[in-house]
*Asks:* 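The structure under discussion is supplied below as structure tokens; questions concerning it will follow.
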Amino acid sequence: MKYNNYEKYLKIWIDILTPKQLLFSEPIVERLEKKHDILCTSREYHEVSKLSKIRHFKLIFVGKHGGKDKKNKLKVSIERMKKLSNRIKKFEPDLVISFGSPEAARISFGLGIKHIMFCDSPHANAVMKLTLPLIQKLLIPYVISKKEFSKYGINEKDIVQYKAIDAAVTMKRKISEDINSPFKNNKKKNILIRLEEEEASYTSKSSKIIPIIQKIVNDHKNENIVVLGRYTKQINNLQKIIGNKVKIVKMTFDGKYLLNKTDIFIGSGGTMTAESALMGIPTISYNAVPNIIEKFLVRKYLVKRATSPNKVSTHIKKIVKLKNDQNQKRAKKIVKEMEDPIEKLIKIIKN
């Protein structure tokens, strides 16, 4: 990206709360740090801190993740806001970029700093209510209607759509190959299963995935099955139920590294589901958190939605028998038609 000589030098604060946000921020930081001073903050959260080390991404950790309890979420958010506001006052940013950070929204509003937000999750009601009325510009994928966001208190004229979904940005990242793979090195199919998010405010508390895993273990015991967990408690519970029949691992990998080794991916409908689909991997969504991006991928025949154990298992049997060429061709075509949302961000910053 070439910058004009008259472009103003800015101090930019980026608040990053999830692994997906970190991966999406990488190319943003790479482009903006050539001309501007960038401060990236986060909170203590295992998957983010681990991924930041894997990706060699410099983050300053302030505060922590609030878990699933509402009272604790409020407590840690208030504590984080207090610590963050002191640091941000010292940094004196001209601009804030976030992906739906309530703390960044409140601090930027309180200090009178312009705030640009990316979001593809209007289903995250609590976050939308706490951020959208306080920001200046919102960038969203074109597959989501502006009305999905404007109902939370942002004017439609302040919403900018880009012709892409976020996974088209994150899936392009380079990865290291010098990692011990949890998959066995044999001729069997590698099936990767991603457990659903349990601690976000928008998730239901009933688990869809355990009976699905049990069915897969029973019907496909001759394949390499790896389950990718999120939280220690979640993994321990699954180990008690499933035992040693599958390999259960925590996210100590870059997800793309695992996807590169995967023949069939089963996900909850979130970030890894979208990345897998755009990489052309046969992908099944058990739709734990119904969302517009997942619906788009199903509509484009990149994802098969199957929410019952029997349907998931039946679809795996079909995939095992088929070649993957058609999936990959379809995915490449769709990705090729998408634009770079970072270009839209830079245009907004310049204006």
*Asks:* Report yes if the side chains of Ile144 and Phe149 come closer than 4.5 Å at any heavy-atom pair, otherwise no.
*Replies:*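 With C-beta onward as the side chain, the pair touches.
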
*Asks:* Heavy-atom count around Lys151 NZ within 6.0 Å, excluding the residue itself: above 12?
*Replies:*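 Count over threshold, so yes.
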
*Asks:* Side chains of Glu275 and Thr170: is there a donor and an acceptor less than 3.5 Å apart?
*Replies:*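 Their side chains do contain a donor-acceptor pair, which is all the 3.5 Å distance test asks for.
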
*Asks:* Where the side chain of Ser308 meets the backbone of Lys311, is there a donor-acceptor pair that is under 3.5 Å apart?
*Replies:*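 Between the backbone of Lys311 and the side chain of Ser308 there is a qualifying donor-acceptor contact (under 3.5 Å).
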
*Asks:* Can a side-chain donor-acceptor contact be found between Ser313 and Asp219 if the only test is distance below 3.5 angstrom?
*Replies:*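 Note: Asp219 and Ser313 side chains meet the donor-acceptor criterion.
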
*Asks:* Name the one of Arg43, Lys83, Arg87, Arg80 that satisfies salt bridge (charged side-chain N to carboxylate O under 4.0 Å, His left out) with Glu103?
*Replies:*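 Only match with Glu103 under salt bridge (charged side-chain N to carboxylate O under 4.0 Å, His left out): Arg80.
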
*Asks:* Which heavy atom of Ala164 sits nearest a heavy atom of Tyr142, and at what distance?
*Replies:*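 So the two residues come closest at N-CD2, 3.3 Å.
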
*Asks:* For Glu26, which of Arg31, Lys174, Arg55 qualifies under salt bridge (charged side-chain N to carboxylate O under 4.0 Å, His left out)?
*Replies:*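 Considering Arg31, Lys174, Arg55, a salt bridge (charged side-chain N to carboxylate O under 4.0 Å, His left out) with Glu26 is found only for Arg55.
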
*Asks:* Under a 3.5 Å cutoff, is there a donor and acceptor pairing between the side chains of Thr41 and Asp15?
*Replies:*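 Looking only at side-chain atoms, Asp15 and Thr41 do form a donor-acceptor pair, the distance falling under 3.5 Å.
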
*Asks:* In terms of side-chain geometry, is the basic nitrogen of Lys75 or Glu79 positioned less than 4.0 Å from the acidic oxygen of its partner?
*Replies:*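 Counted as a salt bridge, because a side-chain N and a carboxylate O are separated by less than 4.0 Å.
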
*Asks:* Can you hop from Ile107 to Ile16 via hydrophobic side chains spaced under 4.5 Å?
*Replies:*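 No: no chain of side-chain contacts under 4.5 Å links Ile107 to Ile16.
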
*Asks:* Between Lys163 and Glu337, is there a salt bridge with N-O shorter than 4.0 Å?
*Replies:*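 No, Glu337 and Lys163 are not salt-bridged.
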
*Asks:* Kindly indicate whether a cation-pi arrangement holds for Lys11 with Phe91, taking the cut-offs as under 6.0 Å to the six-membered ring centre and within 45° of the axis.
*Replies:*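 Satisfied, under 6.0 Å and within 45°.
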
*Asks:* Between Lys250 and Thr232, does any side-chain donor sit less than 3.5 Å from a side-chain acceptor?
*Replies:*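 On atom types as modelled, these side chains qualify, holding a pair under 3.5 Å.
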
*Asks:* Is there a donor-acceptor pair under 3.5 Å between the side chain of Tyr301 and the backbone N or O of Asn327?
*Replies:*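 Absent.
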
